[in-house]
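Shown next, in structure tokens, is the structure this report addresses.
Side-chain atoms are counted along with the backbone in the values below, which use heavy atoms only and exclude waters and symmetry mates.
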Amino acid sequence: MSQPVAHRRTAQPAIDAERLLRRVEELGRIGRDPVTGGITREGFSRADREARTYVMRESRAAGLATSVDAAGNLMIRTRPPGTAPARPAVLMGSHLDTVVNGGRLDGAYGVLAALEVVQACAESGIETAYEPVAAAFSNEEGALFPQPFFGSSVLAGRLDGLPREPLDHDGHPLRGPLALAGGDLDALGSAVWPAEALAAYLELHVEQGPVLERARNRIGVVDGITGRTVLTLEISGSAGHCGTAPMPGRRDALAAAARATLAVERLATTLDLCRVATVGRLDIHPNSPNTIADTVRLTADLRDTDAARMHRAETVLTRELQDLAHQTGTRIETLARTHSAPVATSARLRALIEESCRETGAPYQSLPSGAGHDAQVVADLTPTAMIFVPSVGGVSHVPHEDTHPADLVLGAEILLRTALKTASG
Ligand code: HGY
Ligand code: MN
Ligand code: MN
Ligand code: MN
């Protein structure tokens, strides 16, 4: 690791609250449904590209240097790479893509706060041992192309787990949309960071749950991030006329999918094998009111902070699906499987976050993250930590996802202070 650059301080970097809140609102208009108010910016969609362009434009207007790597990750620096001695980065970021009909803060807030920190450092002229860099990781949610954590996985060098030709849910290739976002599927290797290029990763995010609000704490210091396994299952049966096909002998893929959905739910209820288990997406063919469905695809999302529990839950589900296929005369296949291990965050970085909270008098607490984050992927390379701010009503992935403006500003302040403490080497 290169020797830290001398630490020259001029004015103290400061968060510009009005600028941050303005950007949150402006970015929140991109991909917004005028009827539901929900945000839909699936990774590598047109709306996602518009969001990346908005953040790039704001960064350049602020005199910052932007670049998009082969995975479509947007990086924002105080000055272009190569114009100063190379230093390990204190990387801060999150994602700009959303779930379908989601909220305006999940991911976007963390990217804009990271931009705010880098801009505050540039405006102050501060020179730190490590370089503050902001990142918008591509396709964190996997809403259209079911390869969640795509951008952070490439940065972390997790290329083996990616399909050669990633496809979206309807079989359309990623290659074109990735190129439109500034990426290059054939050059993903160029977007991999070596561990020594990083000193730390910090992610500021809305909690997306009820814990902080209920406890009346304003900052969450995340101690662990949940593990997550997502199975894409395909159930194949036989189509037929629903009025003439006798009940005995049917191979009804949708009836089997309904039983599979309940089997997934049971993993986290009566069987208590993992913390949560959800079927969130169902694609039915031919999806016709008077036709027996012949094919159903569904996603099973299993989560726990204990890897062994998650593994056991998946094993039990696999066996139950085999039994179900036999009972219903259908074929049940796993088309795809993505897995992120649970991770513990860095105790050293957590202590710096807590120190920043004490300096500001912000009431804080430790808590686990039930949501998955890019931080658990970047943890492969470098110490990572997450800072949460409260979610109003404890909800997220819905149009009414919200956080009080004062909490949004406080979160950015804590991110800035923690980043400066980390960057000072
Ligand atoms: O699903 C999650 O936990 C996150 O929103 N990607
Ligand atoms: Mn999300
Ligand atoms: Mn998120
Ligand atoms: Mn995240």
Side-chain angles (χ1 to χ4, degrees), residues 22-34 36-62 64-77 91-116 118 133-155 162-163 165-188 190-191 203 205 373-374 377 397 399 401:
R22 170 181 60 81
R23 287 172 172 160
V24 165
E25 290 320 310
E26 286 174 351
L27 180 55
R29 293 181 202 138
I30 300 175
R32 187 173 178 279
D33 180 310
T36 67
I39 313 285
T40 300
R41 294 198 300 257
E42 299 110 319
F44 300 117
S45 64
R46 171 194 298 272
D48 177 48
R49 293 199 299 273
E50 275 178 38
R52 190 183 280 102
T53 303
Y54 169 80
V55 175
M56 253 194 279
R57 203 173 46 236
E58 284 289 311
S59 304
R60 288 176 182 166
L64 302 173
T66 64
S67 60
V68 176
D69 68 18
N73 297 319
L74 169 62
M75 297 291 167
I76 304 162
R77 291 175 164 85
L91 190 62
M92 297 162 282
S94 197
H95 57 97
L96 294 172
D97 66 299
T98 71
V99 295
V100 173
N101 202 38
R104 76 195 198 293
L105 298 174
D106 174 4
Y109 165 56
V111 171
L112 292 177
L115 162 58
E116 183 56 36
V118 171
V133 180
F137 286 116
S138 61
N139 198 31
E140 189 268 0
E141 299 285 5
L144 178 61
F145 290 92
Q147 301 87 26
F149 303 135
F150 179 82
S152 50
S153 297
V154 171
L155 179 128
L162 294 173
E165 281 294 338
L167 304 174
D168 71 11
H169 286 290
D170 300 324
H172 303 122
L174 171 63
R175 185 175 291 277
L178 174 59
L180 285 175
D184 178 353
L185 193 59
D186 296 326
L188 294 182
S190 66
E203 182 163 354
H205 207 287
H373 294 284
D374 292 307
V377 177
H397 283 190
E401 173 187 276

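- Here the OG1-NE2 distance, from T98 to H95, works out to 9.0 Å after rounding to the nearest 0.5 Å.
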### Message
side chain to side chain contact (heavy atoms under 4.5 Å, CB included), that's the test. Do E25 and R104 meet it? Break it down for me.
### Response
CA-CA 8 Å; E25 290 320 310; R104 76 195 198 293; 3.2 Å; yes

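- Although no hydrogens or angles enter the test, the distance criterion places no donor-acceptor pair under 3.5 Å between the side chain of S94 and the main chain of E203.
- Between A143 and E42 the shortest heavy-atom distance is CB-CG, 3.7 Å.
- Annotation: side chain of L174 is in contact with side chain of F150 (closest heavy-atom distance under 4.5 Å).
- A donor-acceptor pair shorter than 3.5 Å can be found between the side chains of D106 and H205.
- Side-chain contact between R23 and Y54 is present, with at least one heavy-atom pair separated by less than 4.5 Å.
- Counting only heavy atoms from C-beta outward, the side chains of N139 and D48 never approach each other to under 4.5 Å.
- Panel note: side chain D170, backbone H172; no donor-acceptor pair is recorded below 3.5 Å.
- A donor-acceptor contact shorter than 3.5 Å links the side chain of D97 to the backbone of E140.
- N73 places a side-chain N or O within 3.5 Å of a backbone atom of G151 that can act as its donor or acceptor partner.
- Counting only distance, with no hydrogens or angles, the side chain of R52 and the backbone of L74 share no donor-acceptor pair below 3.5 Å.
- Using modelled atom types, no side-chain atom of E50 and backbone atom of G31 make a donor-acceptor pair closer than 3.5 Å.
- Across all non-hydrogen atoms, the minimal contact from R49 to F44 is NH1-O, 3.6 Å.
- Side-chain contact between L185 and L188 is present, with heavy atoms from C-beta onward closer than 4.5 Å.
- Considering all non-hydrogen atoms of both residues, L167 and P173 come closest at CD2-CA, 3.6 Å.
- For the atom pair NE2 (H373) and CZ (F149), the distance works out to 8.0 Å, reported to the nearest 0.5 Å.
- In this structure, the side chains of R77 and S67 come closer than 4.5 Å at one or more pairs of heavy atoms.
- Residues D186 and R175 have side chains in contact (heavy-atom distance under 4.5 Å, counting atoms from C-beta outward).
- Side-chain N or O atoms of N101 include none that pairs as donor or acceptor with a backbone N or O of T36 at under 3.5 Å.
- Remark: E58 engages R22 in a salt bridge, criterion side-chain N to carboxylate O under 4.0 Å.
- Inter-residue side-chain proximity for S138 and V68 is flagged as unmet; no heavy-atom pair is nearer than 4.5 Å.
- Two residues are said to be in side-chain contact when any heavy atoms from C-beta on lie closer than 4.5 Å; L27 and L96 meet this criterion.
- S59 and T66 make their closest contact through CB-CG2, 3.4 Å (heavy atoms, listed as atom of the first residue, atom of the second, distance).
- Closest non-hydrogen pair, A187 versus A70, comes out as O-CB, 3.2 Å.
- For the pair A134 and L115, the tightest heavy-atom approach, listed with the atom from each and the gap, is CB-N, 3.9 Å.
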